[in-house]
Amino acid sequence: MSLTKEVVIQENQRTTADRMELHLWKEGTFLRAYDWSAWLCCRYLHEFKVNKRVFKGINEAVAYIGFPETSLAKWLPEGAEQRVEGEKHLVVRLPDVMVADELDAMQGAYAEWKEAIPLTEANPEMRKRGDGKDFGLGDDSPQNSPATLTSIMQRILAWPIESKSPLESMAFLADVKHQIAGLI
């Protein structure tokens with residue numbers, strides 16, 4: 001079973017006791033939160049950019065956020081407790097005083113939030129590079145929309161470097177470099 005599938009199963013089995021726990025997963029230099037944890041992050045920490053897509057082997061759309069691990073301290077409220085659950089798993093318990101809602105009310109708000117997030121579709125036409133290999137650079141590649149510094153930064157933050165080959169990452173970086181050069 002994939003890690004993402006395990007995380008989604010865990011996120012969907014929340015109880016009253018753990019409703020205020022954020023499960024953050026280290027992916028490279030970033031922390032990611034999925035579904036319920038992503039919702040808690042957006043609702044109680046900061047209005048992060050949320051993505052939603054269907055992962056391989058999971059029959060439902062998954063909402064997720066990501067941010068640099070180094071910025072975690074600036075988002076955490078006073079009184080939050082952190083514990084390390086594994087090499088790549090951090091659990092943050094938000095202070096109980098932040099929320100008086102019952103689990104049912106929170107589940108309703110979560111369901112509305114997740115439903116409102118647009119599904120990110122994979123780009124059906126992969127970009128071709130040099131030797132003809134496919135490098136999926138995403139829907140916001142230069143031919144699809146004008147580049148802005150913000151869109152370039154979002155692409156960089158969303159790039160799953162841990163699951164890409166050095167060649168794919170090099171092609172991605174070359175594309176980002178080209179977009180930045182077009183802005184200067």
Side-chain angles (χ1 to χ4, degrees), residues 1-124 136 138-140 153-164:
M1 185 179 320
S2 73
L3 175 63
T4 306
K5 189 170 186 173
E6 290 176 29
V7 169
V8 170
I9 290 169
Q10 177 184 349
E11 291 292 333
N12 290 333
Q13 296 176 342
R14 293 294 184 137
T15 64
T16 301
D18 66 356
R19 75 181 195 280
M20 292 305 292
E21 288 184 352
L22 305 171
H23 292 268
L24 302 171
W25 299 89
K26 186 171 177 153
E27 296 180 19
T29 59
F30 287 82
L31 292 173
R32 278 204 176 171
Y34 297 87
D35 281 343
W36 185 272
S37 292
W39 173 71
L40 288 174
C41 286
C42 291
R43 183 165 179 167
Y44 297 106
L45 301 185
H46 178 72
E47 192 60 40
F48 294 100
K49 180 187 181 314
V50 184
N51 292 298
K52 183 169 86 171
R53 72 181 186 99
V54 177
F55 287 86
K56 188 175 185 177
I58 302 174
N59 296 330
E60 64 180 277
V62 178
Y64 62 96
I65 62 154
F67 56 89
E69 184 178 14
T70 55
S71 66
L72 177 62
K74 78 177 176 181
W75 304 123
L76 289 182
E78 190 174 320
E81 301 169 7
Q82 297 181 50
R83 72 179 187 273
V84 177
E85 292 275 319
E87 184 179 326
K88 296 187 176 214
H89 185 194
L90 175 68
V91 177
V92 176
R93 179 155 182 84
L94 297 175
D96 289 331
V97 296
M98 288 185 76
V99 165
D101 294 340
E102 292 297 319
L103 182 60
D104 290 341
M106 292 176 76
Q107 287 174 331
Y110 161 73
E112 289 176 17
W113 171 82
K114 188 173 176 181
E115 185 64 32
I117 301 166
L119 189 62
T120 304
E121 296 289 335
N123 190 0
D139 289 329
D140 50 355
M153 288 187 290
Q154 288 172 339
R155 284 188 61 213
I156 292 169
L157 288 173
W159 182 253
I161 195 166
E162 344 31 65
S163 64
K164 297 294 184 181

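The main-chain N or O of Gly57 is found under 3.5 Å from a side-chain atom of Lys5 such that the two form a donor-acceptor pair.
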Next item on the list: Decide side chain to side chain contact (heavy atoms under 4.5 Å, CB included) for Leu31 and Glu69; before the verdict, give the C-alpha distance in whole Å, the side-chain angles of both, and the deciding distance to 0.1 Å.
Entry: CA-CA 5 Å; Leu31 292 173; Glu69 184 178 14; 4.0 Å; yes

Next item on the list: Go through Val91 and Asp18 one step at a time and tell me if the side chain to side chain contact (heavy atoms under 4.5 Å, CB included) criterion holds.
Entry: CA-CA 10 Å; Val91 177; Asp18 66 356; over 6 Å; no

Note to self: Test side chain to side chain contact (heavy atoms under 4.5 Å, CB included) on His89 and Gln10; report intermediate values, then the result.
What the structure shows: CA-CA 13 Å; His89 185 194; Gln10 177 184 349; 4.1 Å; yes

Item checked: Steps toward side chain to side chain contact (heavy atoms under 4.5 Å, CB included) verdict (Trp113, Val50) -> CA-CA 10 Å; Trp113 171 82; Val50 184; 3.7 Å; yes

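The line from SG of Cys42 to NZ of Lys49 is 11.0 Å long, rounded to the nearest 0.5 Å. Note that the CG atom of Leu94 and the CZ atom of Arg43 stand 11.5 Å from one another [nearest 0.5 Å]. The distance from atom CZ of Phe67 to atom CH2 of Trp75, rounded to the nearest 0.5 Å, is 9.0 Å. Here the CG atom belonging to Leu157 is positioned 8.0 Å from the CE atom belonging to Met153, to the nearest 0.5 angstrom. Taken from CG in Leu76 to OH in Tyr44, the straight-line distance is 15.5 Å, to the nearest 0.5 Å. Here the CG atom belonging to Leu40 is positioned 6.0 Å from the CE atom belonging to Met20, to the nearest 0.5 angstrom.
Considering every non-hydrogen atom in both Val92 and Gln82, the closest pair reads CG2-CG, 4.0 Å. Heavy-atom minimum distance, Gly79 versus Pro95: C-CG, 3.7 Å. The two residues Val7 and Trp25 come nearest to each other via the heavy atoms CG2-CE2, 3.4 Å. Residues Pro77 and Leu45 approach most closely at CD-CD2, 3.4 Å, considering heavy atoms. Residues Ile117 and Asn51 approach most closely at CG2-C, 4.4 Å, considering heavy atoms. Of all the heavy atoms in Tyr34 and Glu27, the pair that sits closest is OH-OE2, 2.6 Å.
Looking at residues two or more places apart in sequence or on another chain, you find no salt bridge (Lys or Arg N to Asp or Glu O under 4.0 Å) involving Glu162.
Taking the centre and axis of the six-membered ring of Trp39, the NZ or CZ atom of Lys114 falls outside the cone set by 45° and 6.0 Å.
No more than 12 heavy atoms of other residues, nucleotides or ligands sit less than 6.0 Å from atom CD1 of Ile161. Few gaps surround CD on Glu60; more than 12 heavy atoms of other groups in view lie less than 6.0 Å from it.
Sorted by first then second residue, the salt bridge (charged side-chain N to carboxylate O under 4.0 Å, His left out) pairs that include residues 80-90, not counting sequence neighbours, are Glu21-Arg83, Arg83-Glu85.
Between Trp36 and Tyr110, the ring planes lie tilted relative to each other; the angle falls in the 30° to 60° range.
In summary, of the residues considered (Arg32, Glu11, His23), a side-chain hydrogen bond (donor to acceptor under 3.5 Å, both in side chains) with Ser37 occurs for Glu11 alone.
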